[in-house]
Amino acid sequence: MTAAIASAVASGDARPLFAVLCRFSGLPGPRPNDGLALAVGRSLAEAGASADPIVAKLCSVDERSAPAGTVMEYLPIVGAFCQAARYDAGAHRELALADMRNLAEDPRHAVRDAVMRALLEMSRAAGDELVVSLGQWTDGYLSAAVALATLANRSWLDRMKSPQPLLTRFDEAFSLAEAAPRADQRSQGFRTLVRALSETPAVVMARFPVDAIAWLESRAATENIDLRGAVEALVIRARALGHRIGALEGVEQQLDSSAKPRRDPKTYVGPTRQRGARRR
């Protein structure tokens, strides 16, 4: 592997390196070889600017070249860990984070999961600084979902000193979904983000219960049907995780008071679709 990396950096021909990476990728399978991806990322980070073309090629392997579920999917996974290693090395952090954000918008689930694991590696040293930097990710549906899911990881949550930067990211993501055009509401990204908003805050409540519940209460009166469903699912999930019923009463009250009035059963005639005369 060391020889393949050195040859790729020196010649600019990444094909032999990519072949070796795919051979030891662990794919197709449930667990890609993250240890190898991280080691390769660190080696390329140590190589400096001379490795830039190789890292760029890894990160640009799209769904057409590497369909989901194939061994080639490992290459952008390695790309994510390369960017994490560059961020940790302190060189061009903003550029590394921007390139990772592009990978977080990838339609392939395995690639987005790899970005989450790479972010967790970065969080060990960066901590709260990285929480603030992820504000750059909450203007895209999939990247916002990746950021929320990673921030809600207990290994990162337990190291956070303050809930405010974290809740600001949740607020930005909620606003993004709330303002989504109707056309976007059928997209993979929107659905993924709404699902993240229905799950991840419940984990945050275990670490910052007062602040997280206050944030949720401030958002429970949304008129967006999908987000209202997410809040309702979140209340159920929070209770299942052991949160006291009384602590969530304010959220439920906001949901009830902001709900649209039900139709009058005396005048409601039911669905009108296909109620006309049949065509002959």
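If you read the sequence from its start, that first residue is 1, and numbering goes on from there.
Between V132 and P165 the shortest heavy-atom distance is CG2-CB, 4.2 Å. Taking every heavy atom of both residues into account, G135 and E172 meet most closely at CA-OE1, 3.7 Å. The two atoms that bring F190 and D184 nearest to each other are CB-O, 3.2 Å, heavy atoms only. The shortest non-hydrogen separation linking A118 to A80 is CB-O, 3.8 Å. Looking at every heavy atom in both residues, A147 comes nearest to L134 through CB-CD1, 4.4 Å.
L120 and I77 fall into different hydrophobic clusters, defined by Ile, Leu, Val, Met, Phe, Trp and Tyr side-chain heavy atoms under 4.5 Å apart, directly or through other members. No continuous path of hydrophobic side-chain contacts links M100 to V61 [ILVMFWY only; heavy atoms under 4.5 Å]. Tracing side-chain contacts under 4.5 Å through hydrophobic residues (I, L, V, M, F, W, Y), one never reaches M122 starting from L38; they form parts of separate clusters. Tracing side-chain contacts under 4.5 Å through hydrophobic residues (I, L, V, M, F, W, Y), one never reaches L44 starting from L97; they form parts of separate clusters.
Within the model, atoms CG of L166 and CZ of F208 stand 7.0 Å from one another, a figure rounded to the nearest 0.5 Å. Here T200 contributes atom OG1 and R195 contributes atom CZ; the two are 11.5 Å apart, rounded to the nearest 0.5 Å. Between atom CG of residue L176 and atom OG1 of residue T138 there is a gap of 7.5 Å, rounded to the nearest 0.5 Å. Atom CH2 of W156 is separated from atom CG of L151 by 5.0 Å, given to the nearest 0.5 angstrom. From L255, atom CG reaches atom CG of L216 across 8.0 Å, with rounding to the nearest 0.5 Å. Note that the CD atom of E63 and the OG1 atom of T70 stand 9.5 Å from one another [nearest 0.5 Å].
In this structure the side chain of L130 reaches within 4.5 angstrom of the side chain of Y87, judged on heavy atoms. Contact annotation: the side chain of D139 approaches that of R101 to within less than 4.5 Å [non-hydrogen atoms, C-beta and beyond]. A 4.5 Å side-chain heavy-atom check between R117 and P32 finds at least one atom pair inside the cut-off. A 4.5 Å side-chain heavy-atom check between L21 and L58 finds at least one atom pair inside the cut-off. You'll find the side chain of W137 reaches within 4.5 Å of the side chain of V115, heavy atoms only. Looking only at side-chain heavy atoms (C-beta outward), P201 and W215 come within less than 4.5 Å of each other. Put simply, the side chain of M1 reaches to within 4.5 Å of the side chain of L17, judged on heavy atoms. Residues F18 and M72 are not in side-chain contact: their nearest non-hydrogen atoms beyond the backbone lie 4.5 Å or more apart.
Enclosure of atom CZ in R93 by more than 12 non-hydrogen atoms of other residues, nucleotides or ligands within 6.0 angstrom is indicated.
Using a distance-only test at 3.5 Å, with no hydrogens or angles considered, a donor-acceptor pair links the side chain of R207 to the main chain of M160. In terms of modelled atom types and a separation under 3.5 Å, the side chain of R191 and the main chain of R186 share a donor-acceptor contact. S7 contributes no side-chain N or O that, together with a main-chain N or O of A4, makes up a donor-acceptor pair within less than 3.5 Å. Put simply, the side chain of Y141 never gets that close to the backbone of S187: no donor and acceptor are under 3.5 Å apart. Although no hydrogens or angles enter the test, the distance criterion places no donor-acceptor pair under 3.5 Å between the side chain of S198 and the main chain of A230. Looking at R112, its side chain never comes within 3.5 Å of a backbone N or O of L142 through a donor-acceptor pair. Remark: the backbone N or O of R23 is not paired with any side-chain donor or acceptor of Y74 at under 3.5 angstrom. Of the possible polar contacts, none joining the E73 side chain to the A66 backbone as a donor-acceptor pair under 3.5 Å is found. The closest donor-acceptor contact from the side chain of S258 to the backbone of Q254 lies under 3.5 Å. A donor-acceptor distance shorter than 3.5 angstrom exists from the side chain of Q188 to the backbone of P107, with no hydrogens or angles considered.
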Practice prompt. Please step through side-chain contact (heavy atoms from CB on, under 4.5 Å) for the pair Q185 and N224, ending with a clear verdict.
Written response: CA-CA 11 Å; Q185 294 175 20; N224 184 286; 4.1 Å; yes
Practice prompt. Quick one: do V55 and C82 satisfy side-chain contact (heavy atoms from CB on, under 4.5 Å)? Show the steps, please.
Written response: CA-CA 7 Å; V55 176; C82 285; 4.0 Å; yes
Worksheet item: Between Q136 and E94, does a side chain to side chain donor-acceptor pair (under 3.5 Å) hold up when you go through it step by step?
Response: CA-CA 10 Å; Q136 303 169 25; E94 290 298 318; 2.9 Å; yes
Discussion item. With side-chain contact (heavy atoms from CB on, under 4.5 Å) as the criterion, how do V235 and E232 come out once you've worked through the C-alpha distance, each side chain's angles and the decisive distance to 0.1 Å?
Written reply: CA-CA 5 Å; V235 170; E232 291 168 356; 5.9 Å; no
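Judged purely by distance below 3.5 Å, without hydrogens or angles, the side chains of S65 and D62 pair a donor atom with an acceptor atom. No side-chain donor-acceptor contact under 3.5 Å links R228 and T222. Residues S175 and R219 bring a donor and an acceptor atom of their side chains to less than 3.5 Å of each other.
Under a 4.0 Å N-O distance rule, the pair K57/D13 does not qualify as a salt bridge. At a threshold of 4.0 Å, the pair E252-R239 counts as salt-bridged, since one of the basic side-chain nitrogens sits closer than that to a carboxylate oxygen. Ion pairing between a basic and an acidic side chain is recognised when a charged N comes within 4.0 Å of a carboxylate O; D99 and R86 show no such pairing.
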